[in-house]
Amino acid sequence: MLTSKSFVKKTKRGSVIKVVREHYLRDDIWCGSEVCDICLQEAPVLERHPQIDSDLCDFPHYVLPDTNVLLHQIDILEDNIIKNVILLQTVQQEAKHRSLPVHKRMRDIIANTDKKFYVFTNEHHKETYSERKPGESPNDYSDRLIRQAAKWYKDHLERARKQGSKVTDGDDESGVSVVLLTNDMANRDKAREDGMLAYTVHEYVKSLIAKPELIDRLAQITSAENERKKRDSDISSDGGRKVLFPEHMSATQLQSAVKNGTVKQGTFHASSENFREGHVSIHGEEQMIFIKGLANQNRAVNGDIVAIVILPKHQWTCPSSVVAVDKADKEEEGEKDFEEGENSDSSRPANSQPTGKVVGIVKRNWRPYCGVLQPSNNMEGTRHLFMAAEKKIPKIRIETRQAASLQGQRIIVSIDSWPRNSRYPMGHFVRLLGEIGDRDTENEVLLLEHDVPHLPFSESVLSFLPKMPWGITEEDVKVREDLRHLDICSVDPPGCTDIDDALHCRELDNGNLEVGVHIADVTHFIRPGNALDDEAFNRGTTVYLVDKRIDMVPELLSSNLCSLRGNEERFAFTCIWEVTHKAEIVSTRFTKSIICSRAAFTYEEAQLRIDDKSMNDNVTLGLRGLNRLAKILKQKRLDNGALVLASPEIRFSMDSETHDPIEVQQKEMRETNSMVEEFMLLANISVAKKIHEEFPQCATLRRHPTPSPSSYEPVIKAALAKGVELEVDSGHALAQSLDKAVIPDEPFFNNLLRMMTTRCMTQALYFSSGTLPFEDFFHYGLAAPIYTHFTSPIRRYSDILVHRALAVAIHADQSYPSLLDKQNVQTMCNHMNIRHRMAQYAGRASVALHTQIFLKDKILDEEGFIIFVRKNAVQVFIPKYGFEGTLFLRGPDKDKDGLFKYNEEECTQSAGNVTLRGFDKVRVQISAETSNIQHQKLRMKLVEPKVSGFSVDPQPAEPTREVESQPPPTKKQRRGGP
Amino acid sequence: MAGIELLSDQGFRVDGRRPHELRKIQCRMGVFRQADGSAYIEQGNTRALATVYGPHEASGGRVRAQHDRVTINCQYSMATFSTGERKKRPMGDRKSQEMSQNLQRTFEAAIMTQLYPRSQIDIYVQVLQADGGNYCACVNAATLAIIDAGIPMRDYVCACSAGFVSDTPLVDISYLEESLGGPDMIVALLPKSEQIALFQLNSRLHADHLSKVLDMATKGCKDIHTVLDGAVRDHVSEVTDSMARS
Ligand SMILES: [Zn+2]
């Protein structure tokens, strides 16, 4: 029953110590099979009659994969056809150690009861554990453990069958076999010597009659390994193919080289313009190291953590400023091209930068990529090249038999390996997304490209949802403040289903007012550390696309139990202030509560109630009080120097049937919008103070760094050209000068100016309070010394952390270790910052996509404003659609070159008597560019001012169409501040 | 939350135990002839030795003697070789002093102190190998040593630790489980009366979970009691056998 594991371990201080750990072996770990009567298991997972049509194993069998199969062929294991799989705990642990994403996917599969995956704790089973032999490599050891477990299963199921047939007195049961799947031929052969059934994944998957297309999803790993072995034996011949890349340093070599400083470690950023160039950013160093040439890149893919050596100074060079696209259609061409490109320039330019070459890969950062198959003449062949949508990713070689049917489709491909003799990385086809240009397909592409987790919630996540029907119990009433008597209501955009805030306001006997902000109590349902919490954290935020919402938490919570709907009893986290009529705060308190919102208003409905003098019910009176206080609060904020910043908020009217956008409109702002916003800001600030007080080291806060005056330069210059002076010395001065900057003839000018000012600033960020001095907590845009996000826990994970911290602060809930760990909170903040930025980009990309669809087959003349003047183009913003495009002044038509002269000093472009400046109004003709299937763009042509030989004639006026439209899902953006 | 998973999805701990299972206990009484009582215990890889002297006349004369009960003097120490890295001071550091005081309090609650006024009992415990639950092993060893010395006690004192990982209480936690954070509860119990002689909790645990973890620790103490009681009975019958034979 007992054995002990001892091993030698190095401590941080560098001394070597011996660690002895106990290791218990048990006889009560069951096999998990329905066939077995020997084991005393309650709910066996593996089926009695496992069915899978394989012409290699045409008998009932369970599959037992080894670690590499799990790591590299998870796409196969995820397929519905693969069921009844025995997962060894040692395999699972090693996989976890080597790839967390795979581990996570595996856990999701295990939680899915349809998949029938059984985890066998072989390390603690007394018959399947064995000690590592002296001199045995970790790999050989783990392979041996796997074979031993497979052998045990074979014998055990055999025993179970005999016993079973004794009981039933017949031999109708043919028994179930176990098939070991491995990537490694040697392991397979050893297993066969021991009398087991063992195949490589490739053999097995090829034998699956029911799903021949599964072969395409096999990772190209075995062939790579074989090739490597071949190469090791004879480097020069190498299967007739040339070695193109230098060898990578091994992990141990790297470790020591990094330590003694001969190589540096950094992230590789491929250039999006020239596939031969890239940079490496070294952690903690400002200067990027330039990498030129494919051999020097040495198979680094964008985002990989690489080890580089800096070349001697006389080899330094600089980016070529040439746009180069890898045009090779076939691999052979690519190889030829490879050599040509390498030798192209040898002269050393004057403005050279530190240049280096990649000598090793510390960590790959590969992910599945979206893209298309490169068209080729030989559609019947199986080898094809794949082009990723992201320009920074090299082409990927895949093998598929479906090439013909994949033409014109968007697909996903994963990289498996990049051997030295291959010009391109090798990958495998993962799945088909759909037709290029199709709305759903393109939506998915933009989600994938922005790394937005958008798959349906897994079973393990859903298992942590409250069981329905859900109701408030007496227990709940005991620990919560009952606020059901208060006349609370919510105010949101029309069609909003995730209502996370509600408000109330009433007169107190002492003449003061009581104001309450009630926020959905999401953390009551999402407990720290479970699968639901992990998933919400990973998503980080709800993502709003033009026609779709990707929830952070499952719908049952986001749109039901946590949504503060009208006339339904809900849990809330409440912030209550006593304020004077001059909006001075007398006291603040927080409590977990039960509320019953009287009504869920839209902004418009609330506005109507406030304005309708005949209505005098409690809810309306409350709204009026709130509105009045909000105006005072807002004024105070503005007086402090808070900025009112504009961003183009637009919405599409959608065709109810095709879901194509038919019209674009700017969003309207009402008084009630800013009323709700004011109180959300107030709540956020109050909570920020409270949690910072309680957790000076580990409170999740949000800061907005003060921009340096120089960052405003472009907008100051452009405004000056219009006769407007901007003062940027302080937020207060800026706010005032923005208010004054009005040009009567151009009502949009002020908006535009605010928009451009916003762009000069950096984004607001989450951070852990212990990582920065208090002065740096400042939120510049809101002119608040301290700020956080508390008011939208349904759609932001930051708010969940804040809720948990606040609940601990008021003793309403318990803390847990990771909430109190400053470093951990900061790590979570970094993750949330990335997710928020990506969500924003995805939202913008979605607007761009819909604009594209909207403009399909249309040519429109629209009014626009120049927002930036560049060397070869001007950036034009179209207020009507809220998007901007590039109007190229120099382009593919060489005859137009030289027409415009660029004045760098004044930031103008002029041709003849026409000068284009920032903020100038222009008319442009816009249409969708369709020549490039991979990257569709807008095309802009100048209509006015007229420049002979350049501008185009205006379009004839088009009769407007009337089409019935439906509102798209609303976006609750900007609520609660930037 | 990377690193070692203390409790697998299949419900096994790192060393292969289930949450409610104790480590293997082995013990021997009467290991030293010179001492009035002595015992050696192994709880997993944690090993502790206890020796008891007394009751004897209080040392330091009248000053330290108490007129109505016996003075209990405890000394807790860890052998320099007990941990992976060699310890610099085997005793006298803050941690050891605290442990000594805890032991003293625990046994003042259990020993029938009023029987020996103006006397003193010395209890020396030493951790020979540390792998979590050091204090508990010491208490258990001391209990056996006191029984070996024939000093009357109200009841056995059994001590057991408990932790709390992914919403599950774990009994008798090892060094690895102790060191990866989370709460660490130590309970010393008089099993028959279920009186708690000592209760200690390191790091925060929410009140909601307190009873769960406490129940687990209490059950651990009772399981340990069964084992210790068995050992005492074996020892006694061995001794009587050998006496009968001689
Ligand atoms: Zn069985």
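Every chain is numbered from 1 and lettered A, B, ... according to where its sequence line falls, protein lines coming before strand lines.
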Using only atom types and a distance under 3.5 Å, with no angle test, would you say the side chain of A:Arg26 pairs donor to acceptor with the backbone of B:Gly16? yes
Engaged part of B:Asp9 at the chain A interface, taking heavy atoms whose separation is under 4.5 Å: side chain
For residues 808-818 of chain A, pull every pair meeting salt bridge (Lys or Arg N to Asp or Glu O under 4.0 Å), keeping only residues two or more places apart or in separate chains. A:Arg527-A:Asp813
Heavy-atom count check: over 12 atoms from other residues, nucleotides or ligands less than 6.0 Å from B:Tyr175 OH? no
Under the side-chain hydrogen bond (donor to acceptor under 3.5 Å, both in side chains) test, residues paired with A:His103 that sit two or more places apart: none
What part of B:Gln129 lies closer than 4.5 angstrom to a heavy atom of chain A: side chain, backbone, both or neither? neither
Roughly how far, to the nearest 0.5 Å, is NE2 of A:His124 from OG of B:Ser8? 7.5 Å
So what's closer than 4.5 Å to chain B heavy atoms on A:Asp28: side chain, backbone, both or neither? both
The single option from B:Arg18, B:Arg13, B:Glu21, B:Arg17 that satisfies side-chain contact (heavy atoms from CB on, under 4.5 Å) with A:Tyr24 is B:Arg17
Tell me if a side-chain donor or acceptor on A:His23 pairs with a main-chain N or O of B:Val14 at a distance below 3.5 Å. no
Chain B shares the most heavy-atom pairs under 4.5 Å, among A:Ile29, A:Ile110, A:Val808, with A:Ile29
If you count every heavy atom of other residues, nucleotides or ligands that lies below 6.0 Å from B:Arg28 atom CZ, does the total exceed 12? no
